[in-house]
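These notes are about the structure you will find just below.
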There are 2 protein chains.
Amino acid sequence: MQEDKRHELASTVLDNPRNQRQEVQALQDTIYVIGGKWRLPIINSICNGNKRFREIERSIPGITTRMLSRELKEMEANQLIQRTVIPSTPVVVEYTSTDYCHSFGDIILEMIKWGKQHRERIKH
Amino acid sequence: MQEDKRHELASTVLDNPRNQRQEVQALQDTIYVIGGKWRLPIINSICNGNKRFREIERSIPGITTRMLSRELKEMEANQLIQRTVIPSTPVVVEYTSTDYCHSFGDIILEMIKWGKQHRERIKH
DNA sequence: GTTACCAGTATAATCAAGTATACCAACTAT
DNA sequence: ATAGTTGGTATACTTGATTATACTGGTAAC
């Protein structure tokens with residue numbers, strides 16, 4: 001039993017080339033940052049060229065103005081997006097993605113891929 | 001309203017080559033399936049070769065026995081993992097991943113990649 | 001014989017995430 | 001004039017996810 005533990009530790013820390021600990025940490029970090037129902041769909045929408053509040057809202061089925069408003073604020077604070085007010089008449093507000101925001105591209109792509117495959121799977 | 005809806009539908013379905021609607025749907029499906037803090041870390045742990053309950057538990061920082069127990073049950077019901085009881089003495093319980101479970105591999109990999117880059121970014 | 005491991009369950013509490021609904025001050029098109 | 005758009009805010013509420021803590025029955029090692 002004691003032997004077992006020593007062996008397990010050794011195999012995790014020393015033998016495992018992929019370093020499990022670090023990977024779990026990284027995974028949990030990512031889950032923390034993009035957690036919740038709306039973060040990723042909003043990022044996706046803005047990256048797809050939607051700029052205006054109502055435009056983004058309409059592009060995401062099920063989201064409420066409150067949630068969108070809250071998330072946009074937080075994402076602006078975290079430098080994921082940029083909010084620009086154009087002083088035309090009427091005033092126009094535009095949301096655009098930052099470089100940082102684009103770093104989620106691959107994750108979103110993989111998730112879209114999975115979602116599509118999943119639909120196919122349950123259809124047949 | 002009726003006009004509007006028809007127009008919106010037309011612009012989405014016809015004009016947009018990447019078919020936004022479908023992609024948002026796929027993305028939201030995926031988020032639904034892997035939602036929560038623990039699903040992905042558990043899948044990752046089991047795919048990394050952890051089989052025993054306490055072994056999985058120890059490999060995921062912060063998880064409680066209750067959450068692990070609940071998630072494992074649900075994941076077994078959804079055919080993401082297999083639970084095997086080996087009637088040795090003492091009885092041994094093993095959790096193993098199914099093929100379906102492996103379909104999350106790319107998502108997890110991308111998320112680990114992002115998490116590592118993120119650590120690097122905030123370190124400097 | 002007491003300490004520790006295994007595979008969990010039970011109970012209760014907390015707390016953030018999300019919903020529902022209404023409202024606002026501009027502005028615009030009919 | 002009035003119905004509708006835009007970019008939101010306010011208030012109240014629900015609920016589901018997660019945590020904390022304790023406990024169980026069996027095995028085994030010291």
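First the proteins, then the strands, lettered A, B, ... as listed; each starts at 1. Please read these numbers as outputs of a predicted model, since none were measured by experiment.
If you measure from atom CG of A:L68 to atom P of C:dA17, you get 16 Å, rounded to the nearest angstrom. One atom, CD of A:E74, and another, P of C:dG18, lie 11 Å apart when rounded to the nearest Å. Taking atom CD of B:E57 as the reference point, atom P of C:dC6 lies 10 Å away to the nearest angstrom. We find that NZ of B:K51 is positioned 16 Å from P of C:dC6, with the value rounded to whole Å. Between B:M67 atom CE and C:dT14 atom C1' there is a gap of 14 Å when expressed in whole angstrom units. Rounded to whole angstrom, the span from the CD1 atom of B:I63 across to the P atom of D:dT18 amounts to 9 Å. Distance, B:I86 CD1 to C:dC6 C1': 14 Å, rounded to whole Å. A straight line from CD1 of B:I56 to C1' of C:dG8 spans 12 Å, rounded to a whole angstrom.
Here the closest non-hydrogen pair linking B:Y95 and B:R83 is OH-NE, 3.3 Å. B:E57 and B:T65 get closest at one heavy-atom pair: OE2-CG2, 2.5 Å. The two residues A:F104 and A:V33 come nearest to each other via the heavy atoms CZ-CG1, 4.0 Å.
Listed candidates were C:dC6, D:dT6, C:dG18. Nearest to the side chain of B:R52 is C:dC6. Closest to the B:F53 side chain, of the nucleotides C:dG8, D:dT18, D:dG8, is C:dG8.
At least one donor-acceptor pair under 3.5 Å links the side chain of A:Q28 to the backbone N or O of B:P61.
Checking the phosphate oxygens (OP1, OP2) of C:dA10, no side-chain nitrogen or oxygen of B:R70 falls inside 4.0 Å. Dashed line: the shortest gap from a side-chain N or O of B:K73 to OP1 or OP2 of C:dG8 is not under 4.0 Å. Dashed line: the shortest gap from a side-chain N or O of B:W38 to OP1 or OP2 of D:dT19 is under 4.0 Å. Close to D:dG8, at under 4.0 Å from its OP1 or OP2, lies a side-chain N or O of A:R83. Side-chain N/O atoms of B:Y95 include one lying less than 4.0 angstrom from OP1 or OP2 on C:dG8.
Between atom CD of residue B:Q25 and atom CG of residue B:L27 there is a gap of 10.0 Å, rounded to the nearest 0.5 Å. Interatomic distance, CG of A:L80 versus CD1 of A:I46, reported as 9.0 Å (0.5 Å rounding).
By the rule that hydrophobic residues join a cluster once side-chain heavy atoms approach within less than 4.5 Å of another member, B:L68 and B:V92 end up as members of separate clusters.
Residues of residues 25-33 of chain B that place a heavy atom closer than 4.0 Å to DNA chain D do not occur.
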| query | Quick one: what's the B/S/- string for nucleotides 20-30 of chain C, heavy-atom cutoff under 4.0 Å, read 5' to 3'? | reply | B------SS--
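Screening A:K116, A:K113, A:R119 for a salt bridge (Lys or Arg N to Asp or Glu O under 4.0 Å) involving B:D29 leaves a single residue, A:R119.
The list of salt bridge (Lys or Arg N to Asp or Glu O under 4.0 Å) pairs with a residue in residues 34-52 of chain B, not counting sequence neighbours, reads B:R39-B:E71, B:R39-B:E74.
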